[in-house]
Protein chains: 2
Amino acid sequence: MIGRLNHVAIAVPDLDAAAAQYRDTLGATVRPPQPEPDHGVTVVFIELPNTKIELLHPLGEGSPIAAFLAKNPAGGIHHICYEVDDILAARDRLKAAGARVLGDGEPKIGAHGKPVLFLHPKDFNGALVELEQA
Amino acid sequence: MIGRLNHVAIAVPDLDAAAAQYRDTLGATVRPPQPEPDHGVTVVFIELPNTKIELLHPLGEGSPIAAFLAKNPAGGIHHICYEVDDILAARDRLKAAGARVLGDGEPKIGAHGKPVLFLHPKDFNGALVELEQA
């Protein structure tokens with residue numbers, strides 16, 4: 001069912017410093033900061049040859065990563081995203097297996113303009129898992 | 001400098017259950033458990049089309065992930081691994097930029113039989129980063 005690893009998201013306390021580190025110290029291809037007000041984050045995409053790293057920083061009130069950064073002031077790996085072909089079929093298969101889908105269980109349009117769902121970390125070895133319809 | 005994302009490692013409290021979940025519920029290609037006594041872990045590789053997930057479980061005394069699981073009993077994303085062409089050149093560039101290399105700073109032979117180094121999470125946005133010479 002799951003396909004490619006679409007991205008690894010890292011919540012960072014200082015987006016400019018983290019982007020500069022990936023560009024200058026780690027020598028990666030770093031895109032400009034992209035505000036995503038609908039998702040409460042500013043994102044910097046790091047393009048690796050086979051996948052992406054997404055640096056996330058809170059934007060506006062009630063950002064979904066504000067609590068994570070309050071608990072992890074240095075930042076941390078926030079979630080991983082797997083691609084699926086059919087997000088509704090994936091959701092139904094996961095729910096049938098007893099996994100909890102966060103929110104109301106309906107896919108939302110994610111930061112890439114595609115339908116996404118998040119799965120409960122307690123059901124996936126403590127890892128927050130995003131599914132994105134590729 | 002950094003190339004492909006070689007893998008994402010997830011520490012899990014129950015390796016059989018986690019492997020079964022990735023195989024049966026998430027429908028991924030899951031390899032048999034691989035004991036790595038020299039590294040204090042048993043590893044299950046999940047093969048995705050573009051990268052790997054490594055499920056890690058402690059093996060023997062003094063496992064490097066025992067403390068992580070004690071702190072995160074449900075498990076959690078433990079580290080990410082980037083490939084580099086030349087690990088000594090990468091290390092020297094990182095040290096010159098002020099980043100701390102864990103241990104004695106000399107590459108060790110990792111679970112894939114290739115030279116690896118780990119970088120201090122506090123210097124990389126709270127994320128434990130492994131470098132592997134590809």
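By convention in this document, chain letters (A, B, ...) are assigned in the order of the sequence lines, proteins followed by strands, and residues within each chain are numbered from 1.
- Note that OH of A:Tyr82 is 13.5 Å distant from CZ of A:Arg4, once rounded to the nearest 0.5 Å.
- Heavy-atom pairs under 4.5 Å with chain A peak, among B:Gly76, B:Ala11, B:Pro13, at B:Gly76.
- Heavy atoms from other residues, nucleotides or ligands lying under 6.0 Å from CG of A:Asp85 number 12 at most.
- Put simply, the side chain of A:Asn72 never gets that close to the backbone of A:Gly75: no donor and acceptor are under 3.5 Å apart.
- Within residues 110-117 of chain B, no residue has any heavy atom under 4.5 Å from a heavy atom of chain A.
- Remark: the backbone N or O of A:Ile109 is paired with a side-chain donor or acceptor of A:His39 at under 3.5 angstrom.
- Applying a 4.5 Å heavy-atom cutoff, the residues of residues 90-105 of chain B that approach chain A are B:Arg93, B:Leu94, B:Ala97.
- By the 4.5 Å heavy-atom criterion applied to side chains, B:Tyr22 and B:Ile10 are counted as neighbours.
- Contact count versus chain B (heavy atoms, under 4.5 Å) is highest, among A:Val8, A:Asp24, A:Leu5, for A:Leu5.
- Under the 4.5 Å side-chain contact rule for hydrophobic residues, A:Phe118 and A:Val84 do not share a cluster.
- Side-chain contact between A:Arg23 and A:Gln21 is absent, with no heavy atoms from C-beta onward closer than 4.5 Å.
- Across every non-hydrogen atom of B:Glu106 and B:Lys108, the tightest pair is O-NZ, 3.2 Å.
- Most heavy-atom pairs under 4.5 Å with chain A, from the set B:Thr29, B:Val12, B:Leu26: that is B:Leu26.
- Applying a 4.5 Å heavy-atom cutoff, the residues of residues 121-134 of chain A that approach chain B are A:Asp123, A:Phe124, A:Asn125, A:Gly126, A:Ala127.
- Below 4.5 Å, heavy atoms of chain A meet heavy atoms from B:Leu48, B:Pro49, B:Asn50, B:Thr51, B:Ile53, all part of residues 41-66 of chain B.
- When heavy atoms are compared at a cutoff of 4.5 Å, A:Ile2 approaches chain B by way of both its backbone and its side chain.
- Taking each heavy atom of B:Pro33 and B:Leu15 in turn, the nearest pair found is CB-CD2, 4.4 Å.
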